[in-house]
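Below is one structure, written out as structure tokens; the observations come after it.
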Amino acid sequence: MRSLFVAALTLAVSFTASAKVNQVEFRALDQTAETQLCMAAAQGGIAEAKAVARSLGMKYSEVKRKTYCNETSLSRFAAKYDAQAALSVKDVVFKFVAADKALASQICRDAVVNGLDAAQAQYKNIDAIYCNGEIISRFVRKHKS
């Protein structure tokens, strides 16, 4: 049961700030078990492929040797796209802009760009400000590079 999975790949290049991120879109041409395994491997890695195999009542250890995705073994296919996704995320540069002209939006932006201490010194008493639904200190920790 050596199956081949043929997928249409669309390579889209987008620029976020100064970073270049490659995005690959996978499209299934049918709904066979092999196609489902390849789609899962490409989008979620080996762990996702194992979960799909289990949900289809298959043993991953048996199907991994017999399933090929775009003429590549299932394991290598998953590793290839999993590594590309990890690299893409690391290369993204976020640009923070104020959502509107409200002072709170400007403070949130300044706190991420210049640091919480600098925003506190400039605006005073900003501890109760929420940015995108998060308290400002958590928002800055989460988005500060």
Side-chain angles (χ1 to χ4, degrees), residues 3-61 63-64 67-145:
S3 300
L4 294 178
F5 168 74
V6 181
L9 299 178
T10 305
L11 181 63
V13 178
S14 65
F15 295 92
T16 304
S18 62
K20 183 162 81 169
V21 179
N22 292 326
Q23 296 174 341
V24 178
E25 182 180 328
F26 295 92
R27 295 183 188 193
L29 297 181
D30 57 35
Q31 288 300 315
T32 63
E34 292 81 9
T35 299
Q36 291 178 47
L37 287 168
C38 291
M39 291 294 292
Q43 295 171 341
I46 292 295
E48 187 67 24
K50 286 180 181 179
V52 168
R54 225 180 357 263
S55 73
L56 294 171
M58 306 165 99
K59 290 185 179 181
Y60 179 77
S61 59
V63 296
K64 76 176 182 180
T67 304
Y68 284 77
C69 310
N70 290 348
E71 299 177 2
T72 304
S73 72
L74 182 62
S75 299
R76 284 187 186 218
F77 190 74
K80 177 181 177 182
Y81 291 104
D82 194 34
Q84 283 183 359
L87 288 175
S88 297
V89 170
K90 291 177 187 174
D91 293 340
V92 173
V93 175
F94 292 98
K95 180 178 181 181
F96 287 89
V97 294
D100 51 35
K101 294 186 184 217
L103 182 59
S105 294
Q106 186 63 41
I107 292 170
C108 291
R109 182 213 165 270
D110 289 350
V112 170
V113 172
N114 302 322
L116 191 59
D117 292 336
Q120 180 75 32
Q122 183 177 356
Y123 297 105
K124 311 284 187 236
N125 300 323
I126 63 172
D127 296 331
I129 292 178
Y130 281 78
C131 307
N132 289 350
E134 294 180 293
I135 193 75
I136 192 168
S137 57
R138 178 176 286 176
F139 182 78
V140 170
R141 271 194 313 271
K142 185 176 176 181
H143 296 289
K144 186 74 177 168
S145 52

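Residues take their numbers from the sequence shown, with the count starting at 1. Everything numeric here is computed off the predicted structure, so don't read it as measured data.
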* From Asp30 CG over to Thr35 OG1, what is the distance, rounded to the nearest 0.5 angstrom? -> 3.5 Å
* To do: Indicate the atoms forming the closest heavy-atom contact of Ser75 with Ile46, along with that distance.
  => CA-CD1, 3.8 Å
* **side chain to side chain contact (heavy atoms under 4.5 Å, CB included) against Thr72, all qualifying residues, sequence neighbours excluded** => Arg76, Phe77
* **Gap separating the SG atom of Cys38 from the CG atom of Leu29, nearest 0.5 angstrom** => 11.0 Å
* Asked: Sequence neighbours excluded, which residues qualify as side chain to side chain contact (heavy atoms under 4.5 Å, CB included) partners of Lys59?
  -> Ser61, Glu62
* Enumerate the residue pairs fulfilling side chain to side chain donor-acceptor pair (under 3.5 Å) with a member in residues 129-141, sequence neighbours excluded, ordered by first and then second residue. => none
* Say you draw a straight line from CD of Gln31 to CE of Met39; how long is it, rounded to the nearest 0.5 Å? -> 8.5 Å
* Mind jotting down which residue pairs meet the side chain to side chain donor-acceptor pair (under 3.5 Å) criterion with at least one end in residues 41-54? Sequence neighbours excluded, please. => none
* What is the distance from atom CD1 of Ile129 to atom CD1 of Ile107, rounded to the nearest 0.5 Å? -> 3.5 Å
* What pairs of residues pass the side chain to side chain donor-acceptor pair (under 3.5 Å) test when at least one of them lies in residues 110-125, not counting sequence neighbours? -> Gln106-Asp110, Asp110-Tyr123
* **Interatomic spacing from CG in Asp127 to CD1 in Ile135 - rounded to 0.5 Å** => 7.5 Å
* For Ser105, all residues meeting side-chain hydrogen bond (donor to acceptor under 3.5 Å, both in side chains), sequence neighbours excluded -> Asp100
* Is a donor on one side and an acceptor on the other found under 3.5 Å between the side chain of Glu34 and the backbone of Tyr68? -> no
* Which atom of Ala40 lies closest to which atom of Val52, heavy atoms considered -> CB-CG2, 3.4 Å
* **Ala49: side chain to side chain contact (heavy atoms under 4.5 Å, CB included) partners, not counting sequence neighbours** => Ala41, Tyr60
